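Beneath this line is the structure, given in structure tokens, with notes to follow.
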Amino acid sequence: MKKAIIYIVTIIISIFIGSALMYAIIYYFPNTVIKTVNKVEKNVVVDENGISEGIANIYDSVVVVENYQRNTLAGIGSGFIYDASGYIMTNHHVVDNASEVKVILMSGETIDASIVGSDEYADIAVIKIDSKYITKVAKLGSSENTKVGDTVFTIGSPVSSDYKGTVTRGILSGKDRMVEVSITSNAHDWIMNVMQTDAAINPGNSGGPLCNINGEVIGVNSMKLVQSQIEGIGFAIPIEYALEYAKTIVSGEKIKRAYLGISMGDITSRYYLLRRGINLDSDVTSGVIVYDVETSGPAYNAKLQKGDVIVKIGNYDVKNVAELRYYLFKYKPNDTIKISVKRGSETLTLDITLGTSD
């Protein structure tokens, strides 16, 4: 019995001493306790920085671009002021066939713009407004220094000008994507090297900027894969590539590309080829068919013939028209390169001096 009493008394005394000691620490050293508690809270809080400052750095340089044909609004896109002289970068397809172009500023003011020039393969256009309307010029960044997974955002006018200045956010999902697009026909006949993002890009966003978290332009939004089963795949032209073409356009210099002097097509229907008088060897399943050869052109001088199948141009193997045109444009007019063709059951290598596109 005595042992139980001693045990209980010991517990009570220990609790009393512990409470008194804690009270004394709080009373005499309050800052120490507060700092310790705050330190623990700070370590467990997960905080994500917003991008509002980056958006503010470029927001007022973004515009709506309206394409008018025969005094009727035919389509809209986006663009951004990249030069204090009044130059605005956008997509070729945004202003294509326009008889008149208008620009809506973030302030809501609508002003006339002139088309300086454009290039359909690069999908880059430059338009110009009076510099007196400019309040902000976009800062250009570097797509080369970005990494997959970096935070990016877009600003544009999806659907209509009612939604001008819409910001969407995502990550850089991929770089150096080779995407086939249609330029001169309904079939894919060109390849674009683009960046991929999951930031929402909708009709009307074309031509707007893709920005890094600081609000620097790293790309020009160009297109989106639109299929019911695909979501979150948008593409942008790297800013270095876009700026190269914009400078040429502003300088007034004509953009010149290498030229073969042929009409060509992919291997599709054998029946269609027979109707054109072309009969391919059975083992030929890919390449680019020469439909016709322009008299006195580069291909004619190199002895290419109707029915030849181009399988290699310079250092690059080609499977279709899109690949051939993409690799052809890596060379310059007047370059002399080798082309490999299948003619019947033979494979021939021909030297060709490239011409210049009109």
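Keep in mind that what you see is a predicted model, and the values were worked out from it rather than measured. Hydrogens, waters and symmetry mates are skipped; everything else that's a heavy atom, side chains included, is used. One-based numbering along the sequence shown.
- At a threshold of 4.5 Å between non-hydrogen side-chain atoms, the residues Ile278 and Tyr291 count as touching.
- With values rounded to the nearest 0.5 angstrom, Ile51 atom CD1 is found 11.5 Å from Asn57 atom CG.
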> What's the verdict on side chain to side chain contact (heavy atoms under 4.5 Å, CB included) for Thr90 and Val95, showing C-alpha distance, side-chain angles and the deciding distance?
Replying inline: CA-CA 8 Å; Thr90 186; Val95 298; 4.2 Å; yes
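- A donor-acceptor pair is defined here as one N or O able to donate and one able to accept, closer than 3.5 Å; such a pair exists between the side chain of Asp266 and the backbone of Val321.
- Across all their heavy atoms, Arg325 and Met264 have their closest contact at NH2-CE, 3.5 Å.
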>> Please evaluate residues Lys175 and Thr146 with respect to the criterion side chain to side chain contact (heavy atoms under 4.5 Å, CB included), reporting the C-alpha separation (whole Å), side-chain torsions for both, the decisive distance (0.1 Å), and the verdict.
In response: CA-CA 9 Å; Lys175 300 176 70 174; Thr146 58; 3.8 Å; yes
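- Heavy atoms only, all atoms of each residue included: Asp83 and Val137 are closest at N-CG1, 3.8 Å.
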> Does the salt bridge (Lys or Arg N to Asp or Glu O under 4.0 Å) test come out yes or no for Asp112 and Lys102, once each step is laid out?
Replying inline: CA-CA 5 Å; Asp112 293 326; Lys102 293 184 182 293; 2.8 Å; yes
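- Residue Glu253 holds its CD atom at 5.5 Å from OG1 of Thr248, rounded to the nearest 0.5 Å.
- Note that CG of Asp308 and CG of Leu348 are 7.0 Å apart. Values are rounded to the nearest 0.5 Å.
- Ile124 and Ile76 fall into different hydrophobic clusters, where Ile, Leu, Val, Met, Phe, Trp and Tyr are joined by side-chain heavy atoms under 4.5 Å apart, directly or via other members.
- Annotation for Tyr300: atom OH does not count as buried by contact number, only 12 or fewer foreign heavy atoms lying within 6.0 Å.
- Using a 4.5 Å heavy-atom threshold, the side chains of Leu140 and Leu243 count as touching.
- Although no hydrogens or angles enter the test, the distance criterion places no donor-acceptor pair under 3.5 Å between the side chain of Asp130 and the main chain of Tyr133.
- More than 12 non-hydrogen atoms from other residues, nucleotides or ligands lie less than 6.0 angstrom from CD of Gln69.
- Partners of Tyr327 under the ring-ring contact (aromatic ring centres under 6.0 Å, His included) rule, at least two apart in sequence or in another chain, are Tyr316.
- In terms of the ring-ring contact (aromatic ring centres under 6.0 Å, His included) criterion, Tyr259 has no residue partners (sequence neighbours excluded).
- For Ala299, the side-chain contact (heavy atoms from CB on, under 4.5 Å) partners are Ile262, Val293, Leu304, Ile352, not counting sequence neighbours.
- Lys128 places a side-chain N or O within 3.5 Å of a backbone atom of Ser85 that can act as its donor or acceptor partner.
- Summarising the geometry of Ile218 relative to Ser143, their closest heavy-atom pair is O-CB, 3.4 Å, with the distance given to 0.1 Å.
- Counting only distance, with no hydrogens or angles, the side chain of Asn67 and the backbone of Asn97 share no donor-acceptor pair below 3.5 Å.
- Listed by chain and residue number, Glu323 satisfy the salt bridge (charged side-chain N to carboxylate O under 4.0 Å, His left out) test with Lys319 (two or more places apart in sequence, or in another chain).
- Distance alone, capped at 3.5 Å, is enough to place a donor-acceptor pair between the Ser263 side chain and the Asp292 backbone.
- Counting heavy atoms from C-beta on, the side chains of Cys211 and Ile58 come closer than 4.5 Å.
- Here CE of Met178 is found 5.0 Å from CD1 of Ile191. Values are rounded to the nearest 0.5 Å.
- Within 6.0 Å of NZ in Lys256 there are 12 or fewer heavy atoms belonging to other residues, nucleotides or ligands.
- Val167 and Leu210 fall into different hydrophobic clusters, where Ile, Leu, Val, Met, Phe, Trp and Tyr are joined by side-chain heavy atoms under 4.5 Å apart, directly or via other members.
- The two residues Glu240 and Glu144 make their nearest non-hydrogen contact at OE2-N, 3.4 Å.
- Side-chain contact between Ser157 and Tyr163 is absent, with no heavy-atom pair separated by less than 4.5 Å.
- Taking the side chain as every heavy atom from C-beta outward, Lys338 and Asp351 approach each other to under 4.5 Å.
- Residues Ala199 and Gly170 approach most closely at CB-N, 3.8 Å, considering heavy atoms.
- Remark: the Asn205 side chain and the Ser78 side chain contain no N/O donor-acceptor pair separated by less than 3.5 Å.
- The list of ring-ring contact (aromatic ring centres under 6.0 Å, His included) pairs with a residue in residues 64-108, not counting sequence neighbours, is empty.
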> Is there a side chain to side chain contact (heavy atoms under 4.5 Å, CB included) between Leu260 and Leu324 once you walk through the steps?
Replying inline: CA-CA 11 Å; Leu260 286 176; Leu324 185 146; 3.9 Å; yes
> Yes or no on side chain to side chain contact (heavy atoms under 4.5 Å, CB included) for Asn91 and Val220, after CA distance, side-chain angles and deciding distance?
Replying inline: CA-CA 8 Å; Asn91 288 146; Val220 182; 3.7 Å; yes
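- Here the CD1-OG distance, from Ile127 to Ser114, works out to 8.0 Å after rounding to the nearest 0.5 Å.
- Using a 4.5 Å cut-off between side-chain heavy atoms of Ile, Leu, Val, Met, Phe, Trp and Tyr, with links allowed through other members, Ile81 and Met106 fall into different hydrophobic clusters.
- Between Asn221 and the options Thr154, Ile155, Val194, Asn202, a side chain to side chain contact (heavy atoms under 4.5 Å, CB included) holds for only Thr154.
- Of the N and O atoms on the side chains of Thr353 and Thr336, at least one donor lies less than 3.5 Å from an acceptor on the other residue.
- Ile249 is listed as a side-chain neighbour of Ile255, based on a closest heavy-atom distance under 4.5 Å.
- The two residues Ala258 and Leu354 have their closest heavy-atom pair at CB-CD1, 3.7 Å.
- Residues passing the side-chain contact (heavy atoms from CB on, under 4.5 Å) test with Val181, sequence neighbours excluded: Val179, Ile183, Trp190, Met192, Met223.
- Using a 4.5 Å cut-off on side-chain heavy atoms (C-beta onward), Asp198 and Ile171 make contact.
- Proximity of Pro209 to Val62: side-chain heavy atoms (C-beta onward) are separated by under 4.5 Å at one or more points.
- Judged by distance alone, the side chains of Thr197 and Ser173 never bring a donor and an acceptor atom under 3.5 Å apart.
- Side chain of Ser142 to main chain of Asn145: a donor-acceptor pair is present (N/O by atom type, distance under 3.5 Å, no hydrogens or angles).
- A chain of hydrophobic side-chain contacts below 4.5 Å, direct or via other Ile, Leu, Val, Met, Phe, Trp or Tyr residues, connects Tyr121 to Met89.
- From Lys132, atom NZ reaches atom CD1 of Ile129 across 11.0 Å, with rounding to the nearest 0.5 Å.
- For the pair Arg169 and Phe153, the cation does not sit on the ring face, since its NZ or CZ is not both under 6.0 Å from the ring centre and inside 45° of the axis.
- One N or O on the side chain of Asn301 and one on the backbone of Gly297 form a donor-acceptor pair closer than 3.5 Å.
- Annotation: Asp283, atom CG; neighbour count of heavy atoms from other residues, nucleotides and ligands within 6.0 Å is above 12.
- Between Asp119 and Lys254 there is no salt bridge, since none of the side-chain N atoms of the basic residue sits less than 4.0 Å from a carboxylate O of the acidic one.
- Val103 and Val159 are assigned to two separate hydrophobic clusters, defined by single-linkage of ILVMFWY side chains at heavy-atom distances under 4.5 Å.
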